[in-house]
2 protein chains.
Amino acid sequence: MLQAALELTDEVGLEGLSMRKLGQRLGVEAMSLYNHVDGKDDVVGAIVDAVWSLVPAPDPSASWREQLRSSAIDLHHAFVRHPWACVFFPPSVGPARLRAMESMLRALHDGGLPAAVAYHAHHVIDAYVIGFTHQMSGYVPPDLTGPDGKELDPKVYVQSIGGELPHLAEHIDLHGVEESLGLGSGFEFGLDLVLDGLARHVPGEPR
Amino acid sequence: MLQAALELTDEVGLEGLSMRKLGQRLGVEAMSLYNHVDGKDDVVGAIVDAVWSLVPAPDPSASWREQLRSSAIDLHHAFVRHPWACVFFPPSVGPARLRAMESMLRALHDGGLPAAVAYHAHHVIDAYVIGFTHQMSGYVPPDLTGPDGKELDPKVYVQSIGGELPHLAEHIDLHGVEESLGLGSGFEFGLDLVLDGLARHVPGEPR
DNA sequence: ACCTGAACACCGTTCAAGT
DNA sequence: ACCTGAACACCGTTCAAGT
């Protein structure tokens, strides 16, 4: 049934998931589900944790930086595949997510970061990975087809809403060609900003 | 009416906001609202943009770094006051948010950051500010009162869910005393990691 | 132009009743 | 032990009817 819930949510999203539809998919009335599950929050918590369980534990023999980096990227990919799971507060925090948190804190600690830095680093990285991925996979480009059916210039589109906003119009112009800017993916660019900053907090390895 | 919607949402949250309750507060049936507004998405988009309008435009004579930093902190505070507005995708992006985006992109451009860096920086900072603030203000500490009414040790609480997770237990122990770690707020710590990283991309000012 | 009541198509969840 | 139908308390939204 957990499998059915996950597939259904992949198809219809978290908003579209309902006990009635889930029952229907299982060939059963919605009310029967309450014999196996506490309620909707229970199933949402379970399927979100199932996505967390897809990210492999980091290699403890790698450097702290490589562990954090590859875990963040693996998590990012899992959320790209299941965008509805990219959420700060699922109804409950399951064991898979707890294990991921433990791995990250262990890597920071073993890497020699001061406790205060490790404490904040954990929240900063979580916020960045979930935040950026959520933002990225939820984005839908604005509809640029004008009332006459022709494509609007970003400049006039932006102006129609907010007035004279030249930098914003230029920014929208770069959509779709951002990979050609020579900086790699936006996600990794930001991730490395954070990790580089953390590296400068490792005592004994200044730079 | 926009004012009433904002106050109501401050009280009951975004989940609690309904056309019926909003009508009730205005002394009118819910269906009357559709004469003044396109639908619920319309009012949510409007009140979210009203919160964005609370953050002042940055001082253009300040350095790009100071502009970004103080805008991010102002936005953070606005979202702490109105947590329901701290959302990546409101039903619509209003003029206040567009103006904030323009100010940020202008500061990055005038500060001499390469176009590719400015492009990604915008998304990274947005993701971080919204992500961290959302995470922070939505967090509710786990209920540590055991079945006998006594307070559980974080170690045994964490173990009851996920097994042996020593670093996570230690992390939970630091909750509430994180301000005493000597690194300032977690939000500003992460923000400075990002801004410091961006500063190293300014050509001609190596370091 | 603005408001209203009834209705429609949905929700999560409870509960007594069945097997 | 598991399933069911009816019901409750909610949603957003439409639409014909009123003033």
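Numbered from 1 within each chain, the chains take letters A, B, ... in sequence-line order.
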Return the polar atom pairs (N/O with N/O) between nucleotides 15-19 of chain C and the protein under 3.5 Å, or none.
none

Between [Y] and [X], is the closest basic N to carboxylate O distance under 4.0 Å?
{"X": "A:Arg97", "Y": "A:Asp126", "answer": "yes"}
{"X": "B:Glu188", "Y": "B:Arg69", "answer": "yes"}
{"X": "A:Glu11", "Y": "A:Arg25", "answer": "yes"}

Could you tell me whether the side chain of [X] and the main chain of [Y] form a donor-acceptor pair under 3.5 Å?
{"X": "A:Lys40", "Y": "A:Met19", "value": "no"}
{"X": "B:Glu102", "Y": "A:Leu168", "value": "yes"}
{"X": "A:Asp42", "Y": "A:Val37", "value": "no"}
{"X": "A:His134", "Y": "A:Cys86", "value": "yes"}
{"X": "A:His82", "Y": "A:Ala78", "value": "no"}
{"X": "A:Ser71", "Y": "A:Leu68", "value": "no"}

Going by heavy atoms closer than 4.0 Å, what residues in residues 8-26 of chain A are next to DNA chain D?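 Correct list: A:Arg20.
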
Between C:dC10 and D:dA9, how many Å separate the two C1' atoms, rounded to a whole number?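 13 Å, rounded to whole Å.
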
Expressed in angstrom and rounded to an integer, what is the separation of B:Lys40 atom NZ from D:dC10 atom P?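 Rounding to the nearest Å, NZ of B:Lys40 and P of D:dC10 are 15 Å apart.
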
Counterpart residues, salt bridge (charged side-chain N to carboxylate O under 4.0 Å, His left out), relative to B:Asp173 (two or more places apart):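 Per chain and number, B:Asp173 pairs via salt bridge (charged side-chain N to carboxylate O under 4.0 Å, His left out) with no residue.
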
Sequence neighbours excluded, which residues qualify as salt bridge (charged side-chain N to carboxylate O under 4.0 Å, His left out) partners of B:Arg81?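 B:Arg81 satisfies salt bridge (charged side-chain N to carboxylate O under 4.0 Å, His left out) with no other residue.
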
Should the pair B:Tyr119 and A:His175 be assigned to parallel (<30°), tilted (30 to 60°) or perpendicular (>60°) ring geometry?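 It falls in the perpendicular class, over 60°.
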
Dot-bracket for DNA chain C, 5' to 3', Watson-Crick and G-U pairs with both distances under 3.5 Å, [ ] for crossing pairs, | for partner on another strand, reads ||.|||||...|||||.||

List, with names and distances, any nitrogen or oxygen atoms from the protein found under 3.5 Å away from nitrogen or oxygen atoms belonging to nucleotides 1-3 of chain C.
{"from": "C:dC3", "atom 1": "OP2", "to": "B:His36", "atom 2": "NE2", "distance (Å)": "3.3"}

Please find the pair of heavy atoms, one from A:Phe187 and one from A:Ala72, that lie closest to each other, and give the distance.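 Taking every non-hydrogen atom into account, CZ-O, 3.8 Å.
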
